[in-house]
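Notes for the one structure printed next.
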Amino acid sequence: MATEDDHLMGWVLVGTGKNSFTEKRYGFIYELFVLEAFRGDGVSKRLMETGIQHLKQEGYSEVRLNVYVGNPVIKWYEKLGFENRTITMSMPISNEKEKDS
């Protein structure tokens, strides 16, 4: 959590994940949020650095996160050193029975 004069500025939620094929555990950034009034002041970077450092101290050699395609924050994550690892694809489908009702 990041605070200034007892006011919440933002937070980072970290934890672990597990590769479903290799069973190897890795650090995971589940959430990063900075209140609008504090955006652009480097709070996000400090939170990410703190979260990554915590995971490193816990012994993880890799950190992952999820982000939606088209989110402008992707460029910022890339500047921090994150790279594309997987792509999750989706396709809307409808149930034919629902259409006939």
Side-chain angles (χ1 to χ4, degrees):
M1 232 178 359
T3 58
E4 181 179 87
D5 298 326
D6 292 329
H7 292 98
L8 179 66
M9 297 177 0
W11 61 84
V12 62
L13 177 61
V14 300
T16 62
K18 183 172 70 169
N19 184 305
S20 56
F21 297 110
T22 66
E23 301 290 318
K24 181 180 178 189
R25 293 196 151 302
Y26 50 83
F28 201 89
I29 306 285
Y30 285 98
E31 186 173 87
L32 172 68
F33 186 81
V34 174
L35 285 108
E36 194 169 336
F38 301 102
R39 294 179 185 164
D41 294 335
V43 176
S44 293
K45 185 175 182 183
R46 290 193 306 271
L47 286 167
M48 284 294 283
E49 289 170 347
T50 300
I52 292 167
Q53 185 61 35
H54 171 78
L55 292 167
K56 187 176 181 178
Q57 288 173 349
E58 292 290 314
Y60 297 100
S61 59
E62 180 183 10
V63 178
R64 298 183 189 182
L65 56 78
N66 289 331
V67 61
Y68 283 103
V69 171
N71 188 328
V73 78
I74 291 172
K75 297 271 188 224
W76 183 73
Y77 287 142
E78 290 172 341
K79 286 181 184 177
L80 290 177
F82 286 89
E83 300 174 348
N84 287 340
R85 182 170 177 97
T86 63
I87 296 174
T88 301
M89 300 176 76
S90 69
M91 177 183 78
I93 59 173
S94 62
N95 186 328
E96 291 299 319
K97 289 182 181 182
E98 289 176 5
K99 284 184 178 180
D100 294 336
S101 300

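All values below were derived from every heavy atom in this structure, side-chain atoms included, with hydrogens, water molecules and symmetry-related copies excluded. The structure presented is a predicted model; accordingly, all values stated were derived computationally and were not measured.
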V73 backbone acceptor or donor facing N71 side chain under 3.5 Å: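 Yes, because the side chain of N71 sits within donor-acceptor range (under 3.5 Å) of the backbone of V73.
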
Can you tell me how far [atom2] of [Y] sits from [atom1] of [X], rounded to the nearest 0.5 angstrom?
X: L55; Y: F28; atom1: CG; atom2: CZ; answer: 11.0 Å
X: K24; Y: K18; atom1: NZ; atom2: NZ; answer: 14.0 Å
X: N66; Y: Y30; atom1: CG; atom2: OH; answer: 9.0 Å
X: E58; Y: Q53; atom1: CD; atom2: CD; answer: 11.0 Å
X: I52; Y: K56; atom1: CD1; atom2: NZ; answer: 10.0 Å
X: F33; Y: W11; atom1: CZ; atom2: CH2; answer: 5.0 Å

Specify the closest pair of heavy atoms between [X] and [Y], including all atoms of both residues, with the distance to one decimal.
X: T16; Y: R25; value: OG1-NH1, 3.9 Å
X: I29; Y: L65; value: O-CB, 3.7 Å
X: N19; Y: T22; value: OD1-N, 3.0 Å
X: V63; Y: F82; value: O-CE2, 3.6 Å
X: S44; Y: V34; value: OG-CG2, 3.3 Å
X: M48; Y: Y77; value: CE-CE2, 4.0 Å

Exercise for review: Report whether L35 and V12 are members of the same hydrophobic cluster (ILVMFWY, side-chain heavy atoms less than 4.5 Å apart, transitive linking).
Suggested key: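 Per the 4.5 Å side-chain linkage, L35 and V12 are co-clustered.
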
Could you state whether I74 and L80 fall into the same hydrophobic cluster, counting links through intermediate Ile, Leu, Val, Met, Phe, Trp or Tyr residues with side-chain heavy atoms under 4.5 angstrom apart?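 Hydrophobic grouping puts I74 with L80.
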
Could you check V43 against R39 for side-chain contact (heavy atoms from CB on, under 4.5 Å), going step by step and ending with a plain yes or no? CA-CA 7 Å; V43 176; R39 294 179 185 164; over 6 Å; no

* Are there more than 12 heavy atoms of other residues, nucleotides or ligands under 6.0 Å from atom CD of E36? ->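 No, because the 6.0 Å sphere around CD of E36 holds 12 heavy atoms or fewer from other groups.
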
